[in-house]
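Only heavy atoms go into these numbers, but all of them, side chains included; no hydrogens, no water, no symmetry mates. First the proteins, then the strands, lettered A, B, ... as listed; each starts at 1.
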4 protein chains.
Amino acid sequence: MAERWDLVVQGGTVITTSESFVADVAVSQGRVAALGRLEGLAAAQGAQVVDAEGMVVVPGGVDCHVHLDMPYGGSTNSDDFASGSVAALFGGTTTIIDFATPGKGEALELGFEARRRKADGRCSTDYGFHMVMTRVCDKTLREMDRMVRQGVTSFKLFTSNPQRLMSDDGAIFRAMRRTRDNGGLVCMHAENGRVIEELIREALAAGNTGPRFHPLTRPMEAEAEATARVIALAEMAGAPVYVMHLSAARALDEVRRGRKRGVKVLSETCPQYLFLTADEYERPGFEAAKFVSSPPLRPRGNETRLWQALRDGELQAVSTDHCSFSMRSKGGKPRGAPGIGTRMLLMWDAAQRGRISPQRFVEVVASAPARIFGLYPRKGHLAPGADADIVVIDPRKTHAFGVASHHLRVDYEPYEGRTAHGVIREVFLRGRRMVSHGRFVGKPGGGAFLRRAPRDF
Amino acid sequence: MAERWDLVVQGGTVITTSESFVADVAVSQGRVAALGRLEGLAAAQGAQVVDAEGMVVVPGGVDCHVHLDMPYGGSTNSDDFASGSVAALFGGTTTIIDFATPGKGEALELGFEARRRKADGRCSTDYGFHMVMTRVCDKTLREMDRMVRQGVTSFKLFTSNPQRLMSDDGAIFRAMRRTRDNGGLVCMHAENGRVIEELIREALAAGNTGPRFHPLTRPMEAEAEATARVIALAEMAGAPVYVMHLSAARALDEVRRGRKRGVKVLSETCPQYLFLTADEYERPGFEAAKFVSSPPLRPRGNETRLWQALRDGELQAVSTDHCSFSMRSKGGKPRGAPGIGTRMLLMWDAAQRGRISPQRFVEVVASAPARIFGLYPRKGHLAPGADADIVVIDPRKTHAFGVASHHLRVDYEPYEGRTAHGVIREVFLRGRRMVSHGRFVGKPGGGAFLRRAPRDF
Amino acid sequence: MAERWDLVVQGGTVITTSESFVADVAVSQGRVAALGRLEGLAAAQGAQVVDAEGMVVVPGGVDCHVHLDMPYGGSTNSDDFASGSVAALFGGTTTIIDFATPGKGEALELGFEARRRKADGRCSTDYGFHMVMTRVCDKTLREMDRMVRQGVTSFKLFTSNPQRLMSDDGAIFRAMRRTRDNGGLVCMHAENGRVIEELIREALAAGNTGPRFHPLTRPMEAEAEATARVIALAEMAGAPVYVMHLSAARALDEVRRGRKRGVKVLSETCPQYLFLTADEYERPGFEAAKFVSSPPLRPRGNETRLWQALRDGELQAVSTDHCSFSMRSKGGKPRGAPGIGTRMLLMWDAAQRGRISPQRFVEVVASAPARIFGLYPRKGHLAPGADADIVVIDPRKTHAFGVASHHLRVDYEPYEGRTAHGVIREVFLRGRRMVSHGRFVGKPGGGAFLRRAPRDF
Amino acid sequence: MAERWDLVVQGGTVITTSESFVADVAVSQGRVAALGRLEGLAAAQGAQVVDAEGMVVVPGGVDCHVHLDMPYGGSTNSDDFASGSVAALFGGTTTIIDFATPGKGEALELGFEARRRKADGRCSTDYGFHMVMTRVCDKTLREMDRMVRQGVTSFKLFTSNPQRLMSDDGAIFRAMRRTRDNGGLVCMHAENGRVIEELIREALAAGNTGPRFHPLTRPMEAEAEATARVIALAEMAGAPVYVMHLSAARALDEVRRGRKRGVKVLSETCPQYLFLTADEYERPGFEAAKFVSSPPLRPRGNETRLWQALRDGELQAVSTDHCSFSMRSKGGKPRGAPGIGTRMLLMWDAAQRGRISPQRFVEVVASAPARIFGLYPRKGHLAPGADADIVVIDPRKTHAFGVASHHLRVDYEPYEGRTAHGVIREVFLRGRRMVSHGRFVGKPGGGAFLRRAPRDF
């Protein structure tokens, strides 16, 4: 017998990664029960009915690269799991993957548990963690296996930040080798840290400080080189690799070449590399500092190649690398930018303008990150049996990005003044209504930790 | 109110181009009404219930390249629309696109009407036609526009067969130019006919006759060259092009290059180029003649690159180029081979073996050809609102290909003796049961002519 | 014993395709006898001594693509072998290869003999002929063999000019096939004539006449396509191919790809594609008509890729496609432009400016064309034993191009007003002084017909 | 007045990088004075006349990568500058470039002077040094400038050998940056040392020792990766880079890509990678150990791509990486192999067999290394003014490689038993006869240190 339905989202245009069709979506016990013309059916008796006529219905967004409550250089993010996850929900994102960084010499598990304590009971989206690895040795390799079994199936390493985070090629190779066997996935920050260090040294010696010089010290070649390198390491290790925040089109060429050789390379980019360019660094003073991230914004023209790659499927996912430090606290150490709440509408707007299809929109903001990071088939799609993470977009209204609407604590918004065709009207997390008509109506901190599955590709 | 349902296919694993999930499929008035856990719902009262537990449920196949009831060199195909379409249904194909060839000097409409008279009331699948063009002039260009309006939106031209079918580059260019504006799509047989003519002349002069010499007179370079050329013509015309029966991996390279330049190139291959190789021509006598088609089977190794392209999405569709002349009638003029009924199971078997994913299976045999040729969203997918063309496959049983099971009149079967993991158990056309447990249970000749939409890409 | 020397060119910087060194060049009986410090040697007693201190000494230029005394559309070239060859010598070119075009149905030999009658006793440079083929049949194929034996070892065919010159792919293939065996070389005019015909038809229908529309009716894609095609034909024929007057960088890509597949592809470009761009077509009226040639001048930017290819060795030769019709006679049928006398200094000037090395200069204007067309080791280089075709350039002086200095009968000069760093001071043909300090001092009509060797690559 | 000639090599076929011609070569005061038919000329009165009729005359070989008298792991090379340079002369090589490695913390100059003390008065060929850099800091960067001024214009760094020699990417980048400005050239050993270290660790842990496992711990991907990386570093530094002993075809692809991006990449390979394959590691015991070098011999098939690249000019030079440890001393630490004396005949034999042209032979063994390393125009070619380093080869005789004929102290010969078409009959160094008919007739230790010029490309 069909289960009784708790919720029916009625009459909207459902968008999946392959189709668009008008259908009601029935939810039972937090899961999608049926799609189709369901109006008036017995199972719907008593169900909450949400009218979505004229609306677009998509799966809840999966943002697989965020930093909440992250300490850095003496200060801490403006936004913690409480405020950040609510902003995410307002923006249509129902699942996030953040990072757990063990302390120096600390076991991976301890680092993981410390992060859970920050998120559990505070995070309003569902959530998981990548494990940051700064030390690869026999002990931590064994710990990796245990983490995979605990549902932390991805590991982040760096070719950059020699002072704090960088691993040498041998360490990266070993970690990848381990994931070959334990079902984990190595995620890379790919920029050549040593060259960047030299370029910064040269810049400082020449008195070239300020945001304008930031992209010059982190050239696209440094990203392309490191990308090529981590792909070669993956190839030799017989393991896949996920390239994070790919920003330079030349790095894409390396991804393409790796795939042609048969290496399993996955890659994401971020909205900032799609919508913004290095021109922002020409803004006066503080205004430019907002855009200092690593990798930096790239020269005009670069972004068109990223869009092409997004269309062609060469870039799999769009994540945010959300990292919000208030302008006050950023001081001389700018690092990252907020984005957790703007991603979905920015990308939906791009789909409306024809830069990607509605199908690709769903793919890159939800389905692909869910699949890659072991959350499929629960997350990232609307089909019978999936978690009822449902976003209803009103495509006829207009949203204005800005501090006034971003629901974050951070005191600036990179897209201030920009607008999108589309407003997020309803957001459901496992069938529970979280956001409705611009108000948060859910239970704060009701998100669940997601044990992610080992990779199956 | 939800419509009453006529049919529920219950408990199978539905495969779409992006997902696999267990769901019931409800049908109302020939269309898919809902997917999900639907058992026991009011709307299903009185519906025919088909138990698909443990089964795979996919959309009906779309074969966009078949030749039924085709006269050639004095004889005619062994199979007409009646026998051919029944064989198609047994094989899980519910929609076919055949060809209309006007007589010399005849208006396109007349050629089209003549073909409809052959198919109407006889064809048991739904069907459409490509228009063959052998003469491009002001008059036929105007006729093209009218054909598009009548739902015949694709036009086939040849760079081969200088004696009967070949168009020169100017003619092809003009036809493409016209489709740029009228929403049609030019489909090409791409082999260099003039060079082939010379190679045949050389072969005959050297006494090199027989099937063994067939591939030598139609080398892969001749296909690659013509493919490159028609893509260049499309580029200059500002129009898309569909490359039919792509067989040589080198032709694929040309498709890839064209796309990289921004040309909209679509391409199909056929099972014979995926499952068979030129080794077949080494068979004795008559046995080898079965495999004489144009393009010919290609050397071992070539097929692995086609499979790769199929996986990567570089080949969009798998059609059959079905053309069945009995061995008796073939005589000295072999041409083509039967395939209309074997395509789906051959490809499903390949999916079972991991050569393509189940999602790609659905894409290449149904969804993609439907989209490309203006049949979407009616055909090629299972989603609310689509035609209820449903195929139920039992993946645990084994099917033996052969004359004994192919339901055709033609007296041989290229895959004789081969088996597939999977048996087609039920086939529904617009909700009507056509094939069930190996018997034809539908109304013969009940297929509908499909007015196809102009291209929307 | 060393022969007595007739001439010593003393103290210049000799440039070869691999070196630059200061040396005297001794000549005996029309050939280079020695290079080195030869001053005061017995063998030089009585020799004419030419002081080349501070000068550059290079081999005489070989222009492998000129049209002299050519009838076209009712009129004839302004310049015949007499005036054209003298202009060549003034410009440092001592060998030319022109074309012999048999009349309709006429045997190749007769066409050849008719051309020799035009040149013999009139041409002041040494000379040879390519044979133009417009008809390929058993008879003309046999004649090709005979022509090779008579020293006419290259054959020109066209994919353009459907009304007069175009061969179909089968004919080109057959001619190439024949050269595979007889040691000849097929040279192609590679533009898609049929598409160009349609584009011209469209342009005329739209009233788009005038030089400005010329390049639009002969797009770069039409050249790239035909180039790809003739390379594919050569590949299938197992023969080399020489692509004449390559103008579009995209055609170069095809050349590169052909080579990568192992096809022996040779190619030339012409100064007009290196120094001029389609901007010239924006000139008013008659001024623009001067630049109407086929292929047309290409958009700005294209030429930088040709220069790169020239540097890299991807383009082998620089010829002129010299064809001088007076503006008066050109009327509505512009065709080609003069160039026979300007090539060497234009290219030398480019070498001075660093666009190519001095070594590449010698290679592309002399050595490579000599090798490709069977004139090596007699022509194209300065080494013991070679013909003493010697050009002395004064690199410190400046030459002004223009009607006033081009020594032709044609009434315009494409490079009017342009200057070059360098003046051609002395020109020797087989040791005989032809040009000295701006005056013609040789015997008019003293050039020799060159029997060229079959290809040895 | 012409100088008096000391030597005339008479009647041979002189091969240059662009030509082959019969000529006498006259020498005066150690330099080439003239080429041509010089017999009986006054200047030749009293000159030593060497009959080279039927012989081939080429410039003396330049081996830009040798290790003589090198200490390693407790032992020292079997061959020092005395024995090694004599073997070189027997083999037709008249110039070598060895390495100077400063001790830990030692100034570059001191390391250089120490090496000069080893070579001066002992080396019978002319010679120069590359400077090995294992430490890059402000001090050593300044020392680099001084070394360039002293004629040591190339610097070797390693991405391999983490325990002893490896520089990190920042150090390599800085050294390259310095050469951008000081005219030096960075030469790289390009293999990923960290990955190799891990692979060796894995091999040891698995008990996989012995020569058979050597290539598995140094895979081609590790070379390709490091090659790509050093090219990217050069690109970012705005400097050229010379890739030493390129062995893997995939590394070549990286070289090609770098050049396409405009990076000035130069590269050499060695005879062992052209003539031998990893099959040698299948030999029993000690026999296999002879072939243990870094990079290792590569799988069969790889070498054909190197030959192709040598023909196409994608590899510029063939050096030996000569390093001769006796089998006795090699023990568990095999490293390198002898080759200083076999290179020229191996390559000449290849030219005879048509694998490269005679012109390319001269280019890769002499002219190109001379140009790249600042020895041109003195070394590497036979033209008036060049050093009279002349090698006379008798192409009709056969040479047998082996310990019996290699004139080295080392106790094995990798090419034992192989033969070459050709015997080196005479070798002249700056006009002085060093080897004649198989006997050393020169003055031992008479080689000169060569101050090399800064790069001019």
What distance separates [X] [atom1] from [Y] [atom2], expressed to the nearest 0.5 Å?
X: C:E225; Y: B:E225; atom1: CD; atom2: CD; value: 6.5 Å
X: B:E221; Y: C:E235; atom1: CD; atom2: CD; value: 5.0 Å
X: B:L233; Y: C:N192; atom1: CG; atom2: CG; value: 6.0 Å

Nearest atoms (heavy-atom pairs only) where C:M236 meets B:P219: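 Shortest heavy-atom separation between C:M236 and B:P219 comes out as SD-CG, 4.0 Å.
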
Sidechain N-carboxylate O distance under 4.0 Å for C:R177, B:E202: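 Here C:R177 pairs with B:E202 in a salt bridge, since their nearest N and O are under 4.0 Å apart.
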
Of the backbone (N, CA, C, O) and the side chain (C-beta and beyond), which part of [X] lies under 4.5 Å from a heavy atom of chain C, both, or neither?
X: B:R174; answer: side chain
X: B:D169; answer: both
X: B:E197; answer: neither
X: B:I172; answer: neither

Greater than 12 external heavy atoms within 6.0 Å of C:R135's CZ: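 No - once you tally the heavy atoms of other residues, nucleotides and ligands closer than 6.0 Å, there are 12 at most.
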
Neighbour count >12 (heavy atoms, 6.0 Å) for atom CZ, B:R146: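 Correct, the count exceeds 12.
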
Option in C:A237, C:A222, C:A232 with maximal non-hydrogen atom pairs under 4.5 Å from chain B: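 Heavy-atom pairs under 4.5 Å are most numerous for C:A222.
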
Among the listed options C:R250, C:R261, C:R201, the residue most often paired with chain B at heavy-atom distances under 4.5 Å: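 Maximum pair count with chain B is reached by C:R250.
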
